[in-house]
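In this text the structure is predicted, and so the values were computed from the model without any measurement.
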Amino acid sequence: MKLYLDDWRTAPRGDGFRSADNYADFLALLDKYRDCLEMVDLDYDLGYDSLFTGFDALKYMKRHEMKPA
């Protein structure tokens, strides 16, 4: 599974991506597909009202030892 995090752009079509437009939705997808990750595409800036960035998503993955296969 390929995961895509971006608050503004949409995931590439037809490439098997699941997309999230905010940090919480991304974590939900990440936990759901943690055993079959192929790729993760992270946007850094998740909007002016977000408390999190793509870097926070990466740190979450590191803390929980998640990485694409």
Side-chain angles (χ1 to χ4, degrees):
M1 180 59 53
K2 299 174 186 176
L3 298 183
Y4 188 83
L5 173 62
D6 197 310
D7 64 313
W8 192 63
R9 293 171 205 83
T10 58
R13 296 179 139 223
D15 285 336
F17 280 95
R18 298 284 180 169
S19 65
D21 60 2
N22 62 61
Y23 182 75
D25 290 347
F26 177 78
L27 292 186
L29 286 173
L30 190 60
D31 287 336
K32 182 175 182 177
Y33 296 110
R34 72 180 299 150
D35 295 328
C36 59
L37 284 178
E38 296 175 40
M39 181 181 129
V40 177
D41 187 325
L42 303 171
D43 179 30
Y44 179 80
D45 183 6
L46 299 178
Y48 68 91
D49 60 343
S50 177
L51 299 175
F52 300 99
T53 66
F55 187 58
D56 292 309
L58 186 63
K59 291 188 294 185
Y60 178 91
M61 291 175 66
K62 176 70 174 167
R63 275 193 314 271
H64 294 89
E65 299 179 358
M66 296 178 176
K67 62 181 179 181

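Scanning both residues, Asn22 and Leu5, for their nearest heavy atoms gives O-CD1, 3.5 Å. Between Asp7 and Asp45, the shortest heavy-atom contact is OD1-O, 3.0 Å. Minimum interatomic distance between Ser19 and Leu29 (heavy atoms only, all atoms of both residues): O-CD1, 3.5 Å. When every heavy atom of Pro68 is checked against every heavy atom of Glu38, the shortest pair comes out as CB-O, 3.2 Å. Pairing each heavy atom of Met61 with each of Lys67, the nearest pair is CE-CA, 4.5 Å.
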Walk me through whether Phe26 and Leu46 qualify under side-chain contact (heavy atoms from CB on, under 4.5 Å). CA-CA 11 Å; Phe26 177 78; Leu46 299 178; over 6 Å; no
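Below 30°, between 30° and 60°, or above 60°: for Tyr23 and Tyr60 the angle between ring planes is above 60°, a perpendicular geometry.
Put simply, the side chain of Asp15 never gets that close to the backbone of Phe17: no donor and acceptor are under 3.5 Å apart.
Atom CG in Leu42 sits 10.5 Å away from atom OH in Tyr4 (nearest 0.5 Å). Distance check: His64 NE2 to Arg34 CZ gives 7.5 Å after rounding to the nearest 0.5 Å. Atom CG of Leu30 is separated from atom CE of Met66 by 4.5 Å, given to the nearest 0.5 angstrom. For the atom pair CG (Leu27) and CG (Leu3), the distance works out to 10.5 Å, reported to the nearest 0.5 Å.
Remark: of the listed residues Asp56, Thr53, Leu58, Asp6, Thr53 is the sole one forming a side-chain contact (heavy atoms from CB on, under 4.5 Å) with Tyr44.
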